[in-house]
Structure formats: C-alpha cells, structure tokens
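Contents: one structure, followed by commentary.
Every number for a ligand or one of its atoms is a count from 1 in the order of the listing.
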Amino acid sequence: MKKISLTLLSLFALASLNATADVASAQKFADKYAVIAKNIDPAFAGPSAEEGKAFFNRELLIKGKPTACASCHTANPADQGKHIVTGKPIRPLAPAINEKRFADIDKVEKNFTKHCNDITGRDCSAKEKANFVTYLISVK
Ligand code: HEC
C-alpha cells in the first residue's frame, strides 16, 4: 500500500513538473517572438491573448471557403482538432493540455510557415506569432 501511494505521488510530481516545463517552453517562444516584434516595431506594446484569439478564429476565403486556424484546430485550442482535408485528428494546440507543443523550434516554425501560408498567403509576422502563442498559453 505504501509502495503504491509513493509511486502515485512521484507520478503526480512528474506530471506537474512536465506541465510547468511545457507551458514555460511555450512562454519562451512567446517572449522571443515579442522581442523580434518589438525590434521591428518599437511601438509594439507586448503580446495580446485577445488579438491572438481573434487571429486564430478569423476566417479568410480559401478556394471560396471561409477558413481559419480554428477550422482544423477547432474553436477551442484545448480540444482535439480535425484536418479539414484529410479528416485526420490533430492533438490539441494548447501547451497546458498537450505538453508536446512548443517544444521544438524547427517544428514550431515549420508549422507556422505552412499554416500561415495556407490561411493568409504569407508567413505570420513575429507579432502575430507572439499573440497567437500568448493566446494558446492562456487556454487551460
Ligand atoms: C488544414 C488544417 C490546418 C489549419 C487550417 C491550420 N493548421 Fe496548424 N496544424 C495542423 C496540423 C495537421 C498540425 C500538426 C499536427 C501535430 O503535430 O500533431 C498543426 C500544428 C500546428 C502548430 C505546431 C505547434 C507545435 O509546436 O507542435 C502550430 C504553431 C500551428 N499549427 C499553427 C497554426 C496557425 C497559426 C494556423 C492559422 C493561421 C493553423 N495552424 C491552421 C493543421 C492545420
């Protein structure tokens, strides 16, 4: 009995450690993008979760169909998404829910470039990325 509760205890400790580490890693991305955005535009007042949320849900016409980041990632980044073309499930984007998000710079940049181009026809700006990640961190 004692052994089991000790194991459980260490599992919980590990789980919470992971959760903090991953939100912290996402926060590093938000901070980096914010520094770049500020370098580009000194008037940039810092990332806004609200603007990030608006960006996430903003629909643009793609091949005649209103499409947003939320079309694949769903309106709630804490939920599992679904690819609008392939129907494949997409694990949640919110780092508090999915600890694998915003851990790897290459993966993050690759996905930003691809999806921003898909939706807006260009890569996202540092400001848009800072807002976007800040919004995702705010989703629990
Ligand atoms: C056509 C479907 C689709 C749309 C639309 C879409 N995404 Fe994605 N997104 C995906 C898929 C698929 C993945 C990768 C799934 C995985 O890694 O589990 C992903 C992953 C990501 C990641 C990776 C995060 C990480 O560290 O793992 C980011 C960032 C991202 N998307 C941003 C965006 C943004 C910003 C938009 C809107 C401009 C957007 N996505 C729109 C399908 C989409």
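The closest side-chain donor-acceptor pair between Asp123 and Thr113 falls under 3.5 angstrom.
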Find all protein N or O atoms under 3.5 angstrom from an N or O atom of ligand 1 and list the pairs with distances, or write 'none'.
residue: ligand 1; atom: 7 (N); partner: His73; partner atom: NE2; Å: 2.8
residue: ligand 1; atom: 7 (N); partner: His115; partner atom: ND1; Å: 3.1
residue: ligand 1; atom: 9 (N); partner: His73; partner atom: NE2; Å: 2.8
residue: ligand 1; atom: 9 (N); partner: His115; partner atom: ND1; Å: 3.1
residue: ligand 1; atom: 9 (N); partner: His115; partner atom: NE2; Å: 3.4
residue: ligand 1; atom: 17 (O); partner: Arg101; partner atom: NH1; Å: 3.0
residue: ligand 1; atom: 17 (O); partner: Lys107; partner atom: NZ; Å: 3.1
residue: ligand 1; atom: 18 (O); partner: Arg91; partner atom: NH2; Å: 3.0
residue: ligand 1; atom: 18 (O); partner: Arg101; partner atom: NH2; Å: 3.1
residue: ligand 1; atom: 26 (O); partner: Phe102; partner atom: N; Å: 2.9
residue: ligand 1; atom: 27 (O); partner: Arg101; partner atom: NH1; Å: 2.6
residue: ligand 1; atom: 31 (N); partner: His73; partner atom: NE2; Å: 3.1
residue: ligand 1; atom: 31 (N); partner: His115; partner atom: ND1; Å: 2.8
residue: ligand 1; atom: 40 (N); partner: His73; partner atom: NE2; Å: 3.0
residue: ligand 1; atom: 40 (N); partner: His115; partner atom: ND1; Å: 2.9

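Scanning both residues, Ala130 and Pro47, for their nearest heavy atoms gives O-CB, 3.7 Å.
Note: Phe56 and Phe132 have tilted aromatic rings, judged against thresholds of 30 and 60 degrees for the angle between ring planes.
Within the 3.5 Å criterion, the main-chain N or O of Ser125 finds a donor-acceptor partner in the side chain of Glu128.
Linking Ile, Leu, Val, Met, Phe, Trp and Tyr whenever their side-chain heavy atoms come within less than 4.5 Å leaves Phe112 and Ile62 in two separate clusters. Follow the hydrophobic side-chain contacts under 4.5 Å out from Val35 and you never reach Val133; the two are in separate clusters.
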